[in-house]
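The next block holds one structure in the form of structure tokens; read it before the comments.
Each chain gets a letter, A, B and so on, in the order the sequences are listed, and its residues count up from 1. Predicted, not measured: the structure shown is a model, and the values here were computed from it.
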There are 2 protein chains.
Amino acid sequence: MDASERLIESTRELLWERGYVGTSPKVIQERAGAGQGSMYHHFRGKSDLARVAIERSAGEVRAEAERRLAAPGPALERIAAYLRREREVLKGCPVGRLTQDPDVMADPVLRAPLGETFDWLRDRLAAVLAEGRDHGEFDAELDPAATAATIVAVLQGGYVLAKAAGDSAEFDRAVTGVLALLRRA
Amino acid sequence: MDASERLIESTRELLWERGYVGTSPKVIQERAGAGQGSMYHHFRGKSDLARVAIERSAGEVRAEAERRLAAPGPALERIAAYLRREREVLKGCPVGRLTQDPDVMADPVLRAPLGETFDWLRDRLAAVLAEGRDHGEFDAELDPAATAATIVAVLQGGYVLAKAAGDSAEFDRAVTGVLALLRRA
DNA sequence: GTCTATATACAGATAGAC
DNA sequence: GTCTATCTGTATATAGAC
């Protein structure tokens with residue numbers, strides 16, 4: 001892995017662990033094993049590096065969701081598989097956590113991938129729900145868009161609860177609750 | 001309002017807007033209209049001031065929830081009133097946002113109120129759900145604890161979605177979705 | 001209680017040598 | 001491409017005068 005790549009991966013980790021405001025160029029360089037000169041040669045500065053890191057993380061979040069949601073099987077099973085997939089729950093969502101970062105939100109370039117990711121995810125889940133509803137898995141009155149927003153919110157909120165409790169079981173509990181509700185929908 | 005009080009309120013606002021890592025003693029002092037000498041006379045430092053501010057915000061979040069959940073009426077109506085109460089959605093949750101702050105999470109004193117708040121809220125909602133179930137409002141199989149965790153997660157996740165989209169409608173959508181699911185539970 | 005002065009460290013770069 | 005030196009500003013205090 002060359003220096004540029006190590007800098008991007010280190011930045012992704014640090015944005016995940018500490019956010020943008022809490023991450024300095026210095027610690028990025030140290031973790032990447034690269035010097036200042038190297039970092040400022042490959043990137044214009046902290047925000048430029050963060051842009052690349054955020055775009056990559058957003059892409060991964062989408063790809064991982066698509067893997068589960070595009071699988072064969074009933075809609076509810078695919079959604080359950082996505083919600084229950086292995087996650088580093090106590091680290092939180094690498095994309096969602098950035099919505100709490102004032103400097104990310106203040107910069108349209110850094111912020112854009114966040115909105116796009118959740119828009120895409122909600123629409124993708126809504127499509128799966130609509131498909132399930134049309135196959136008679138859910139009540140005909142089910143609102144796919146609102147229900148999809150609820151599911152994404154349970155995920156993001158589940159991370160928050162787990163972090164607050166210091167226990168990933170809290171995430172599992174929220175997921176179990178919403179799946180039980182969906183089973184009766 | 002004396003200087004001590006102004007410092008606490010300014011800190012509460014700034015923790016809400018920018019988090020702990022993103023807030024410096026200097027901007028706290030400026031917003032409070034107090035000098036350094038004043039701040040360090042009343043508080044031992046930034047984290048001491050933050051402790052007081054966080055404890056107060058956590059208390060308010062609980063009091064506001066209790067106001068709606070202790071009201072008379074059917075369980076589902078009280079929960080709906082709580083979820084739909086007026087909120088500064090795009091500012092996020094003043095308590096939940098702190099779970100993303102590395103320096104808050106690293107300090108047991110600053111962190112404790114977060115866990116306590118969400119524990120309390122989940123248990124309070126679970127009690128309301130159990131009450132509704134026992135009155136025949138919900139299916140006898142409803143799991144109050146898991147469902148309560150889901151509801152709190154929808155709230156916290158709803159804030160995340162709204163911020164990412166830059167639109168409070170996304171929060172409303174998630175809330176609408178979970179209420180529709182609860183109506184069929 | 002509040003003010004000003006001072007201090008150490010870090011943030012976030014830029015410049016130029018190699 | 002990477003290194004070292006340098007720079008301006010901020011973070012987070014402490015000390016002592018008033």
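Distance Q29(B) CD to dA13(D) P: 10 Å, rounded to the nearest Å. Rounded to whole angstrom, the span from the CG atom of L49(B) across to the C1' atom of dT12(D) amounts to 13 Å. What separates CD of E30(A) from P of dT2(D) is a distance of 17 Å, to the nearest Å. Rounded to whole Å, the distance from CZ on R6(B) to C1' on dT2(C) is 11 Å.
Each side chain to side chain donor-acceptor pair (under 3.5 Å) pair with one or both residues in residues 107-130 of chain B, not counting sequence neighbours, appears once here: E170(A)-R122(B), E66(B)-R124(B), D119(B)-R122(B). For the salt bridge (charged side-chain N to carboxylate O under 4.0 Å, His left out) condition, the pairs that include at least one residue of residues 41-50 of chain A, sequence neighbours left out, are D48(A)-R51(A). Applying the salt bridge (charged side-chain N to carboxylate O under 4.0 Å, His left out) test to every pair with at least one member in residues 139-161 of chain A, sequence neighbours left out, gives these pairs: D139(A)-R184(B). Within the structure, no pair that satisfies the ring pair (Phe, Tyr, Trp, His ring centres under 6.0 Å) test touches residues 84-117 of chain A, not counting sequence neighbours. The stretch residues 24-54 of chain A participates, sequence neighbours left out, in no ring pair (Phe, Tyr, Trp, His ring centres under 6.0 Å) pair at all. Residue pairs meeting the ring pair (Phe, Tyr, Trp, His ring centres under 6.0 Å) criterion with at least one member in residues 130-185 of chain B, sequence neighbours excluded, are Y159(B)-F171(B). Among pairs with a residue in residues 2-22 of chain A, those fulfilling salt bridge (charged side-chain N to carboxylate O under 4.0 Å, His left out) read E5(A)-R56(A), E9(A)-R12(A), E9(A)-R56(A), R12(A)-E60(A), E13(A)-R31(A), E17(A)-R31(A), R18(A)-D103(B), at least two apart in sequence or across chains.
Consecutive Watson-Crick or G-U pairing (both distances under 3.5 Å) extending over three or more pairs maps onto DNA chain D as C:1-18 with D:1-18.
Donor-acceptor pairing under 3.5 Å is lacking for the side chains of R173(B) and T147(A).
The shortest distance between the side-chain N/O atoms of H41(B) and the OP1/OP2 oxygens of dC3(C) is not below 4.0 Å.
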Its contact letters, B for base, S for sugar-phosphate only and - for none at protein heavy atoms under 4.0 Å, make nucleotides 11-18 of chain C read SSBB----

